[in-house]
Amino acid sequence: MNILGIETSCDDTSVAVIKAEARKLRVVSCVTASQILIHQKTAGVVPEVAAREHAATIMPTLVAALKKAGLELKNISALAVTAGPGLATALLVGVETARALNFATGIPLFGVNHIAGHLASCWLGEKAPKLPALALVVSGGHTELLWLVKNPKNLGWLTIRLIGKTRDDAAGEAFDKTAKLLGLPYPGGPEIAKLAKKGRPVIDLPRPMLNGDNFEFSFAGLKTSVMYYLRNKPRLNFQTKANLAASVQQAIVETLIGKTLKAAEKLKPQSVLLAGGVAANEKLRDNLQNALTKNGFELSLAPHAYTTDNGAMIAAAGYFQYLNQQRSSWQTLKINPVWELGK
Ligand code: KG4
Ligand code: ZN
């Protein structure tokens, strides 16, 4: 069966077609119109600007995804769209497009949680992850540990429970805000990662809540520490800047891994999933892999190409909702900009 996925929750307009095969989900096409160059001018996303871009690009992106797949709407068996969380006006563009498609064609419609989409990206690799799983989702807006319970009848999940989340900034936000302080362009995560390769993590920065007896995160203090470090240094030489980038990355990665390992030791999952935009970070991928292997846990990574926002992950989560019979329709589907998964 072919599933069409639509994602417009933030700054990427993305439409994909995936094919559900016996034990595997395969991406047939995935077309993304990135707004990065537009938002670089304002060093961050202005919601109204993002929504107008989505409105301009959604139909060409949809047409391109179908064309690339060599399919027409009549070949699609399910429509999946991000209904939240995200920017309200941006979400509306995808949701209204999907509602119109559902009204016009009658193809079953599924309103998908964006974080569930990130989780589902772990099924777009070669092997479906083993469940029950502990998942670390790290994006620009979210840092969460979740518990996924297996659906005994298929390869997906039945339920998702929130284990812990950030009290303030998300990990991606910490990358983006510290990058801004260093004068690096938006989005800051990949820029910090690039610069960090030329530096060493020699600057002492906090690992907030790492030793706490819970599964919560807090990253706002990291930005403040970097701000204090920079206060009396109007001009940084290249090496210090690179060392600071390496130190920021090290602090974020160590905190994420520390908490994930602690949760894994307590909950004993069959596998650990890593997904979300920050999961593109090589250091996080490598270090988490090493830490988990050393402690006898299996890691299931979202393929690199599907870590940042994309329509394929939304189609995959929509497929699991189809299997779990969590259907919507143009009459009932609404956006939910503050939709919390697993509560
Ligand atoms: O999941 P995503 O595409 O959008 C949201 O749902 O927020 O994540 C975007 C976030 C941004 O904060 C970006 O800086 C971060 O992911 N990011 C990275 C890397 N690539 C993207 N952070 C660290 N290292 C990277 N290589
Ligand atoms: Zn995302």
Side-chain angles (χ1 to χ4, degrees), residues 5-14 16 30 32-36 39-40 43-45 47 50 54 82-87 90-91 94 112-122 124 135-144 146 165-166 169-182 184-197 219 222-223 245-257 273-288 301-314 316-317 337-341:
I6 300 177
E7 157 62 35
T8 66
S9 70
C10 188
D11 56 356
D12 288 303
T13 316
S14 185
C30 184
T32 302
S34 166
Q35 301 177 5
I36 282 182
H39 300 307
Q40 268 178 357
V45 179
H54 286 309
T82 309
L87 305 170
L91 288 166
V112 169
N113 181 294
H114 181 79
I115 302 302
H118 277 303
L119 293 174
S121 65
C122 294
L124 298 174
L136 173 66
V137 178
V138 271
S139 73
H142 291 80
T143 300
E144 290 175 4
L146 299 138
K165 61 174 187 167
T166 182
D169 288 355
E173 227 170 336
F175 270 111
D176 294 342
K177 286 181 177 174
T178 48
K180 208 168 176 176
L181 291 172
L182 284 172
L184 301 170
Y186 168 86
E191 298 292 330
I192 293 259
K194 202 160 71 187
L195 188 56
K197 286 203 172 115
F219 287 107
L222 194 59
K223 177 196 65 191
S247 306
V248 164
Q249 178 173 262
Q250 186 73 20
I252 296 174
V253 165
E254 263 180 34
T255 309
L256 291 172
I257 293 177
L273 317 188
L274 174 66
V278 181
N281 187 281
E282 294 302 337
K283 185 143 193 86
L284 176 60
R285 293 169 86 87
D286 292 350
N287 289 16
L288 184 61
L301 286 163
H304 200 283
Y306 302 111
T307 50
T308 48
D309 294 350
N310 64 83
M313 69 184 202
I314 302 304
V338 293
W339 188 357
E340 277 207 58
L341 187 64

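We count ligands from 1, going down the list as the structure has it; atoms in each ligand are counted the same way. Small disclaimer: the values here were computed from a predicted structure and weren't measured.
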Do Lys197 and Glu282 pass the salt bridge (Lys or Arg N to Asp or Glu O under 4.0 Å) test, and can you show the C-alpha distance, the side-chain angles, and the key distance before you say yes or no? CA-CA 10 Å; Lys197 286 203 172 115; Glu282 294 302 337; over 6 Å; no
Give the atom numbers and elements of ligand 1 that come within less than 4.0 Å of a heavy atom of [X].
| X | value |
| --- | --- |
| Gly141 | 7 (O) |
| Thr308 | 3 (O) |
| His114 | 6 (O) |
| Gly172 | 12 (O) |

Which residue holds the protein heavy atom closest to [atom], what is that atom called, and what is the gap in Å?
| atom | result |
| --- | --- |
| atom 20 (N) of ligand 1 | Gly277 O, 3.5 Å |
| atom 2 (P) of ligand 1 | Asp309 OD1, 3.2 Å |
| atom 7 (O) of ligand 1 | Gly140 N, 2.8 Å |
| atom 24 (N) of ligand 1 | Asn281 ND2, 3.0 Å |

Heavy-atom proximity to atom 25 (C) of ligand 1 ranks first, among Pro190, Gly276, Gly117, for Pro190
Quick check for you: to the nearest 0.5 Å, what is the distance between Leu274 atom CG and Leu119 atom CG?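 Interatomic distance, Leu274 CG to Leu119 CG, rounded to 0.5 Å: 10.5 Å.
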Please round to the nearest 0.5 Å and tell me the distance separating atom CD1 of Ile314 and atom NE2 of His114.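 Output value for this atom pair is 6.0 Å.
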Is there any N or O on [X] that sits under 3.5 Å from an N or O of ligand 1?
| X | result |
| --- | --- |
| Asp12 | no |
| Gly189 | yes |
| His118 | yes |
| Glu173 | no |

Residue pair [X] / [Y]: nearest heavy atoms and the distance that separates them:
| X | Y | result |
| --- | --- | --- |
| Ser139 | Val278 | O-CG2, 4.1 Å |
| Asp12 | Gln35 | OD1-N, 4.3 Å |
| Leu273 | Cys122 | CB-SG, 3.8 Å |

Need one value: angle at the Zn ion (ligand 2), Asp309 atom OD1 versus His114 atom NE2, rounded to 10 degrees. 100°
Please state whether the separation between the Zn ion (ligand 2) and some N/O/S atom of His118 is under 2.8 Å?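 True for His118.
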Would you say [X]'s side chain and [Y]'s backbone share a donor-acceptor pair under 3.5 angstrom?
| X | Y | answer |
| --- | --- | --- |
| His54 | Glu7 | no |
| Thr143 | Ala171 | yes |
| Glu144 | Lys165 | no |

Side chain, backbone, both or neither: which applies to Asp176 and ligand 1 if a contact is any heavy-atom pair less than 4.0 Å apart? side chain
Of the options Thr8, Thr308, Ile6, Thr32, which is the one that meets Ser14 in a side-chain contact (heavy atoms from CB on, under 4.5 Å)? Thr32
